[in-house]
Amino acid sequence: MSDTTSLRSAAGRPPLSRRGFIAGAGAAVVLGGTAPARAAAAAPAAGPIADGAHVPVLVIGTGYGGSVAALRLAQAGVDVHMVEMGMAWDTPGPDGKIFCNTREPDYRSYWLRTRTKAPLNYFLGFPIDRDIPRHTGVLDAEEFAGITVYQGRGVGGGSLVNGGMAVTPRRENFASVLPTVNAAEMYDVYYPRANAGLGVGTIDPAWFEATAYYQYARVGRKHAQRSGFPFVFVPDVYDWDYMKQEEAGTVPQSALAAEILYGNNHGKKSLQKTYLAQARATGRVAISPLHRVTSVAPAGTGRYAVVIEQLGTTGEVTATKTVTAERVFFAAGSVGTSKLLVKLKATGALPDLNGEVGKGWGDNGNVMCGRANHLWDPTGAKQSAIPCAGIDNWAAGGAFAEVAPLPTGIETFASFYLSITRNPNRAQFSWNAAAGRVELSWQTAWKQPSIDMAKTIFDKINSKEGTIYRTDLFGVYKIWGDHLTYHPLGGAVLGKATDNYGRLSGYSGLYVIDGALIPGNTTVNPFVTITALAERNIERVIATDL
Ligand code: FAE
């Protein structure tokens, strides 16, 4: 599957590696190719995409939107090349594991940083970040002036680093999520299709009640219910049977060994195990990891020229390639797609993109906080890293709070929450020509509505329980984690920067198919909605454009 070769190295240092790639079908098959053309392409390509290659379809990014597009196009008989700036993540490091855990972040943890940037960066008032070797690690903490945006880097995108919480928004809220999309179609066809494709399941309620690893969630439930808030189980793509076996000691531990933020070695059904595995099995999908797209521009005769930088594992550019494609799908995530489109419009590569490009970006109202419980309410030294439940106060207070783990390995008496709130603020990406970079107009103060909405839950719980907020998790005497988001959405909004199916305005054959389409908020965790929308859009594109 990959040629990445790892050599043992000193602990914590990156192994020497040749650049990895995943080779599927050959590239040069005409869109909708005939059977003979297909047979000619069946031999796996011998390496990553070559300079000067022509491909029918090029997909930028291998997260949810990109994976759905690749699978459905391949099933329709179209050969696809996926270009991914992150690594393949299919080869163990010196410790025999592909990913490191949250307690011992090493060179694999962060994307091109020399110091970790943990979302929860203080403990007991002390900073916990540490030095690490610069490496193309799996989690990017991308810093803009007013917000740090966490994103997955590698084949599988955000599915490599996320909590796997697979939540379909309540139907009554859908109109606020995607106002131009037919809700009946989404709930009858595309949400079910996405949930099936992702392998979504729910925790066994009896095991939930019994296991020490969800004591923290049971404490969260008790406090929510005593204050009159609905407590709901949340589906997840983690293999719940595997987690039971982890507890029984019959398989290697993963969720129960604090593996989440920097990747999960076993039980989580990331896209590599679902959509991308199916896509590769068609023989029509090739993936080039450690390849970053920097430009897309018309090349005449209905083709686009795509400029790609090949990266080494310390981030150095080792080659620059230009390939052509008849169709290009932007699936680089909300930030990646928006940054590319804004730059390409401003610098004259794609001048006919409309003025909506870069607009309508939101943080899904993310805000974090912790509560200090009484000594008779321990949350457990053992905690599963996979969240399984939340507190739903959306209708009354504009907040849905995930009861999140704090898998430190010691008893903290802390309850920890990631709230998704109805924050109305929207930011815009713009090109700073002098600095040669794309900037985002978000301001930290714009989190205040999120804090106010989260307080509708936690002020009440604190008052009922006689407890207080933790002030030692995000700094010294700082209650709110208001500096970040895990859920970037928007920047190329459906029906504004694109038509109602993701076709970019101004350019036939260019599409957006990721979180950039969604205008800033999904009311719950976003990847099921990103996947379902991609399923809807690609079905239409295959039916009408190919
Ligand atoms: P994404 O998955 O981000 O994929 C984009 C891909 O494009 C990435 O692999 C990039 O490396 C790649 N890329 C970017 N720029 C380029 C370029 N120029 N050239 C080549 N490749 C490029 O996009 N959501 C949930 O629903 N439930 C959760 O429990 C949850 N937990 C999360 C926890 C964390 C720590 C984080 C960071 C996110 C979490 N999310 C969760 C959010 C979720 O992962 C995110 O919404 C989706 O991954 C976004 O999907 P996209 O397809 O838009």
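One-based numbering, in listed order, for ligands and for the atoms of each. By convention here, the first residue in the shown sequence is residue 1.
- With hydrogens and angles disregarded, no donor-acceptor distance shorter than 3.5 Å links the side chain of Asn101 to the backbone of Ala258.
- The protein atom (non-hydrogen) at minimum distance from atom 49 (C) of ligand 1 is Ile530 CD1, 3.6 Å.
- Taking the six-membered ring for Trp and the full ring otherwise, Tyr110 and Tyr262 have centroids separated by under 6.0 Å.
- Atom 53 (O) of ligand 1 has Gly515 N, 2.9 Å as its closest protein atom, hydrogens excluded (heavy atom only).
- For Lys339, the heavy-atom gap to ligand 1 stays at 4.0 angstrom or more.
- Only the side chain of Leu261 comes within 4.0 Å of ligand 1, counting heavy atoms alone; its backbone N, CA, C and O stay farther away.
- Of all the atoms in ligand 1, the ones that sit under 4.0 Å from a non-hydrogen atom of Gly157 are 2 (O), 4 (O), 8 (C), 9 (O).
- The shortest N or O to N or O distance between Gly65 and ligand 1 is under 3.5 Å.
- Among all protein heavy atoms, the one lying closest to atom 10 (C) of ligand 1 is Arg153 NH1, 3.2 Å.
- For atom 14 (C) of ligand 1, the closest non-hydrogen atom of the protein is Ala332 O, 3.3 Å.
- What sits closest to atom 25 (C) of ligand 1 on the protein, heavy atoms only, is Phe527 CD2, 3.0 Å.
- Residues Phe208 and Phe233 place their aromatic rings such that the two centres sit under 6.0 Å apart.
- In terms of polar-atom proximity, defined here as any N/O pair under 3.5 Å, Gly163 does make such a contact with ligand 1.
- Of the residues Asn393, Val234, Asn173, the one that meets the side-chain contact (heavy atoms from CB on, under 4.5 Å) test with Phe400 is Val234.
- Relative orientation of the Phe174 and Tyr191 rings is perpendicular, given thresholds of 30° and 60° on the angle between their planes.
- Looking only at heavy atoms of the protein, atom 38 (C) of ligand 1 is closest to Tyr486 O, 3.2 Å.
- Atoms of ligand 1 found under 4.0 Å from any heavy atom of Gly154, numbered from 1 in the order shown, are 9 (O).
- The distance criterion of under 3.5 Å between nitrogen or oxygen atoms is met by Val293 with respect to ligand 1.
- Because its NZ or CZ atom is both nearer than 6.0 Å to the ring centre of Tyr501 and within 45° of the ring axis, Arg536 counts as a cation-pi partner of that residue.
- Checked by distance only, ligand 1 and Ser334 stay at 3.5 Å or farther apart across all their nitrogen or oxygen atoms.
- At under 3.5 Å, a nitrogen or oxygen of Met165, whether backbone or side chain, sits near a nitrogen or oxygen of ligand 1.
- Stacking of Arg422 on the aromatic ring of Trp394 is recorded, both the 6.0 Å distance cut-off and the 45° axial limit being met.
- Looking at Gly66 next to ligand 1, no N or O pair under 3.5 Å apart turns up.
- Using a 4.0 Å cut-off to heavy atoms of His291, the atoms of ligand 1 that qualify are 20 (C).
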Checking side chain to side chain donor-acceptor pair (under 3.5 Å) for the pair Ser254/Asn265: CA distance, chi angles, key distance, verdict?
CA-CA 6 Å; Ser254 195; Asn265 284 302; 5.6 Å; no
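- No donor-acceptor distance shorter than 3.5 angstrom exists from the side chain of Ser419 to the backbone of Thr421, with no hydrogens or angles considered.
- Near Glu84, the atoms of ligand 1 lying under 4.0 angstrom from a non-hydrogen atom of the residue are 6 (C), 7 (O), 8 (C), 9 (O), 10 (C), 11 (O), 12 (C), 21 (N).
- Per-residue contacts place Ala331 under 4.0 angstrom from the following atoms of ligand 1 (heavy atoms of the residue considered): 5 (C), 6 (C), 7 (O).
- If you number the atoms of ligand 1 from 1 as listed, the ones under 4.0 Å from a heavy atom of Tyr150 come out as 37 (C).
- With ligand atoms numbered from 1 in the order given, ligand 1 contributes 35 (C), 37 (C) to contacts under 4.0 Å with heavy atoms of Val161.
- Contact check on Lys117 versus Glu143 returns a salt bridge, with a Lys/Arg side-chain nitrogen under 4.0 Å from an Asp/Glu carboxylate oxygen.
- At least one N or O atom of Tyr64, backbone or side chain, sits closer than 3.5 Å to an N or O atom of ligand 1.
- Between Trp89 and Phe99, a ring centre-to-centre spacing shorter than 6.0 Å is recorded.
- Annotation: the span from Glu259 atom CD to Ile98 atom CD1 amounts to 10.0 Å, rounded to 0.5 Å.
- Using a 3.5 Å distance cut-off with no hydrogens or angles, the side chains of Asn162 and Tyr64 do pair a donor with an acceptor.
- The protein non-hydrogen atom at the shortest distance from atom 32 (C) of ligand 1 is Asn162 CB, 3.0 Å.
- Less than 4.0 angstrom separates some heavy atom of Ile60 from each of these atoms of ligand 1: 17 (C), 19 (N), 20 (C).
- Interatomic distance, CZ of Arg113 versus CD1 of Ile132, reported as 8.0 Å (0.5 Å rounding).
- For the atom pair Ile287 CD1 and Gln272 CD, the distance stands at 8.0 Å (nearest 0.5 Å).
- A donor and an acceptor atom, one from each side chain of Glu439 and Asn432, are located under 3.5 Å apart.
- For Ala516, no nitrogen or oxygen atom sits less than 3.5 Å from a nitrogen or oxygen atom of ligand 1, counting backbone and side chain alike.
- Inclusion of Gly86 in the set of residues having an N or O under 3.5 Å from an N or O of ligand 1 is not warranted.
- Remark: among candidates Arg292, Met85, Met82, the nearest residue to atom 21 (N) of ligand 1 is Met85, based on non-hydrogen atoms.
- Closest protein heavy atom to atom 23 (O) of ligand 1: Gly333 CA, 3.3 Å.
- Across Gly158, Ala534, Ser67, heavy-atom proximity to atom 3 (O) of ligand 1 is greatest for Gly158.
- With rounding to the nearest 0.5 Å, the separation of NE2 in His483 from CD1 in Ile147 is 9.5 Å.
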